Participant: 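Encoded as structure tokens, here's the structure I'll be asking about.
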Amino acid sequence: MPLTKDKEKAANYETLFALTGDRERSWKLLMALPDPEIPLTESAEVIASVIGVSAERIISERASIASAFASERIETNVLYPEHPYFPEERGEFFPVIYASGNLELLKKRKVTFLGMPRPSMQGKSDALDALGCLMKEDVTVLLTLDDGLPVFAAQFLLNNSGNVIAVLPSPVSKCQDKEQAMLRGRIYASGLLLSVFPPSQKIERWLVMVRNSFLSSITEAAFLAEEKDGGPSWAVFDRVLASGGRAMLSSSMLEVPSYTFAAKRINNGALTFSSHRDLKRIIPKARKEIDGSDLFSFS
């Protein structure tokens, strides 16, 4: 079955990225073509002279990637920077995003939820308090599906009709864990799955780092329920804080002597959460729609 035009374009981009390893360069090369939606086989010789690989390799790589797109079983939308649902990116540039589920959630106010793999009872309690507030305010929650608090949060939101966007460290159509596959299925039915990885991408551990960079890039407000010093949540939290976004952590973390990272982040401008009123400080305030796109500001 032939690919739709948006997936032909995606297959072209992923081919260039696979051969150059540079997202921005690949995107610029693609957009410089007369028609980015025509298979690269039409211009393989020209591209080969630009990126320094053979035309045969371009054709072969493109065929493999296109085949993976054609074999997808889950309905997936491809989002480009000009797409009305494409999220604003504040950090690293990701020009192609794959989305499965309810795209309308991308137009809602969003807060990213973060938490540790093995939380305490206090951490779970703080998470539930924060999630309850976000649901009350009709805020969409971005999260990973990592073990611990992220999965705990996703399940709570799904069980209580909350809005969930899961950012994945793999293609939306690939999952190695049965329980994860079931959770993704529930999110696909009522929420949204987001990934920057094409269906041709093999699942590898290092993809988590790329996933974190993407999540940081589309996060304008983050809430951290609990994390130990040096834990994985800080990678996203710190990038959000450094980029000028709002970042908040549970005040209970400051009461744990071994959690020195939390106090340091407060000194760097992070906010603390003790009540629903506190959390409202990081919830984006919706503005009127301008030129067909939602813009947000902080209250």
Side-chain angles (χ1 to χ4, degrees), residues 3-17 22-33 35-37 65 69 72 74-112 139-144 163-173 187-188 190-201 207 210-222 236 239-240 243-246 283-298:
L3 300 181
T4 57
K5 287 186 176 182
D6 63 331
K7 291 185 178 178
E8 290 281 12
K9 183 177 178 180
N12 286 342
Y13 164 77
E14 297 297 351
T15 300
L16 292 171
F17 179 50
D22 187 319
R23 290 188 185 85
E24 188 167 357
R25 184 187 182 200
S26 297
W27 180 249
K28 287 180 177 179
L29 286 172
L30 178 64
M31 298 311 293
L33 297 175
D35 188 345
E37 296 176 345
I65 290 174
F69 273 95
E72 271 195 308
I74 185 171
E75 183 178 348
T76 304
N77 296 281
V78 187
L79 308 182
Y80 300 104
E82 67 272 16
H83 195 286
Y85 290 102
F86 195 87
E88 179 183 355
E89 295 181 340
R90 304 160 62 93
E92 190 173 343
F93 179 55
F94 294 90
V96 181
I97 300 172
Y98 303 95
S100 294
N102 183 7
L103 288 176
E104 290 296 325
L105 294 181
L106 288 171
K107 285 200 167 186
K108 287 182 171 288
R109 298 177 298 162
K110 298 178 287 294
V111 170
T112 294
V139 171
T140 293
V141 178
L142 279 79
L143 43 71
T144 68
N163 297 324
V164 183
I165 297 178
V167 182
L168 308 175
S170 68
V172 294
S173 56
I187 295 173
Y188 174 66
S190 62
L192 184 67
L193 301 171
L194 280 187
S195 176
V196 292
F197 305 109
S200 55
Q201 175 67 56
L207 298 184
V210 180
R211 186 276 314 273
N212 287 347
S213 293
F214 172 57
L215 178 58
S216 303
S217 179
I218 62 173
T219 294
E220 54 183 326
V236 175
R239 285 173 183 161
V240 173
S243 68
R246 295 285 181 89
I283 296 176
K285 183 178 180 180
R287 290 179 179 174
K288 291 182 179 180
E289 197 167 288
I290 300 176
D291 293 332
S293 62
D294 284 334
L295 301 177
F296 301 96
S297 66
F298 291 105

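All residue numbers refer to positions in the sequence shown, counting from 1. Everything quoted here is computed from the prediction, not taken from an experiment. Hydrogens, waters and symmetry mates are skipped; everything else that's a heavy atom, side chains included, is used.
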Participant: Do you know which two heavy atoms are closest between Thr219 and Arg90, and how far apart they sit?
Facilitator: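 Smallest heavy-atom distance, with atoms named: O-CD, 3.3 Å.
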
Participant: State which residues pass side chain to side chain contact (heavy atoms under 4.5 Å, CB included) with Ser170; sequence neighbours excluded, sorted by chain then number.
Facilitator: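 Ser170: side chain to side chain contact (heavy atoms under 4.5 Å, CB included) contacts with Leu168, Arg184, Ile203.
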
Participant: Ignoring hydrogens and angles, tell me if any N or O in the side chain of Ser217 forms a donor-acceptor pair with the backbone of Glu92 under 3.5 Å.
Facilitator: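 At least one qualifying donor-acceptor pair exists.
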
Participant: Search all heavy atoms of Pro199 against all heavy atoms of Pro171 and return the closest pair with its distance.
Facilitator: CA-CB, 4.0 Å

Participant: I'd like to check the side chain to side chain contact (heavy atoms under 4.5 Å, CB included) partners of Asn212; sequence neighbours left out, ordered by chain and number.
Facilitator: Val208, Ala235, Val236, Arg239

Participant: Between atom CZ of Phe94 and atom CG of Leu79, what is the distance when rounded to the nearest 0.5 Å?
Facilitator: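 CG of Leu79 is found 14.5 Å from CZ of Phe94.
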
Participant: Indicate yes or no for a side-chain donor-acceptor contact from Ser26 to the backbone of Phe17 under 3.5 Å, with no hydrogens or angles considered.
Facilitator: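 Yes: the side chain of Ser26 pairs with the backbone of Phe17.
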
Participant: Measuring from Ile218:CD1 to Ile165:CD1, what's the distance to the nearest 0.5 Å?
Facilitator: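 Ile218 CD1 to Ile165 CD1: 7.0 Å, rounded to 0.5 Å.
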
Participant: Does Glu24 form a side-chain contact (heavy atoms from CB on, under 4.5 Å) with Asp22? I'd like the steps, not just the answer.
Facilitator: CA-CA 6 Å; Glu24 188 167 357; Asp22 187 319; 3.8 Å; yes

Participant: Keeping Tyr80 on the side-chain end and Ala10 on the backbone end, is there a donor-acceptor pair under 3.5 Å?
Facilitator: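 Pair found, side chain donor or acceptor close to backbone of Ala10.
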
Participant: List the atom of Glu89, the atom of Ile97, and the distance in Å for their closest heavy-atom pair.
Facilitator: OE2-CD1, 3.9 Å

Participant: Could you tell me the separation between the OG1 atom of Thr15 and the CG atom of Leu29, rounded to the nearest 0.5 Å?
Facilitator: 12.0 Å

Participant: Return yes if some donor-acceptor pair links the side-chain N/O of Ser100 with the main-chain N/O of Glu75 below 3.5 Å, else return no.
Facilitator: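 Judged by distance alone, yes, a pair lies under 3.5 Å.
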
Participant: What's the separation between atom CD1 in Ile187 and atom CG in Asn163, rounded to the nearest 0.5 Å?
Facilitator: 12.0 Å

Participant: To the nearest 0.5 Å, what is the distance between CG (Leu105) and OH (Tyr85)?
Facilitator: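 Reported value, rounded in 0.5 Å steps: 10.0 Å.
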
Participant: Applying side chain to side chain contact (heavy atoms under 4.5 Å, CB included), can you list everything that pairs with Thr4, at least two apart in sequence or on another chain?
Facilitator: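 Here the qualifying residues are Asp6, Lys7.
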
Participant: Do you know which two heavy atoms are closest between Pro81 and Pro95, and how far apart they sit?
Facilitator: CD-O, 3.1 Å

Participant: For side-chain contact (heavy atoms from CB on, under 4.5 Å), just list the numbers for Glu220 and Arg109, CA-CA rounded to whole Å, side-chain angles, deciding distance to a tenth of an Å, and then say yes or no.
Facilitator: CA-CA 10 Å; Glu220 54 183 326; Arg109 298 177 298 162; over 6 Å; no

Participant: To the nearest 0.5 angstrom, please state how far the CD atom of Glu14 sits from the CZ atom of Arg23.
Facilitator: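 That separation rounds to 9.0 Å.
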
Participant: What I'd like to find out is whether the side chain of Thr112 reaches to under 4.5 Å of the side chain of Val167, using heavy atoms alone.
Facilitator: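 Side chain of Thr112 against side chain of Val167, heavy atoms only: no contact under 4.5 Å found.
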
Participant: Under the criterion side-chain contact (heavy atoms from CB on, under 4.5 Å), I'd like the reasoning laid out for Gln201 against Val210: C-alpha separation, chi angles, the key distance, then a yes or no.
Facilitator: CA-CA 13 Å; Gln201 175 67 56; Val210 180; over 6 Å; no

Participant: Any idea which heavy atoms bring Phe197 and Tyr98 closest together, and the distance?
Facilitator: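 That would be O-CD1, 3.5 Å.
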
Participant: Using every non-hydrogen atom in the two residues, find where Val111 and Pro284 come nearest and quote the distance to one decimal.
Facilitator: CG2-CD, 4.0 Å

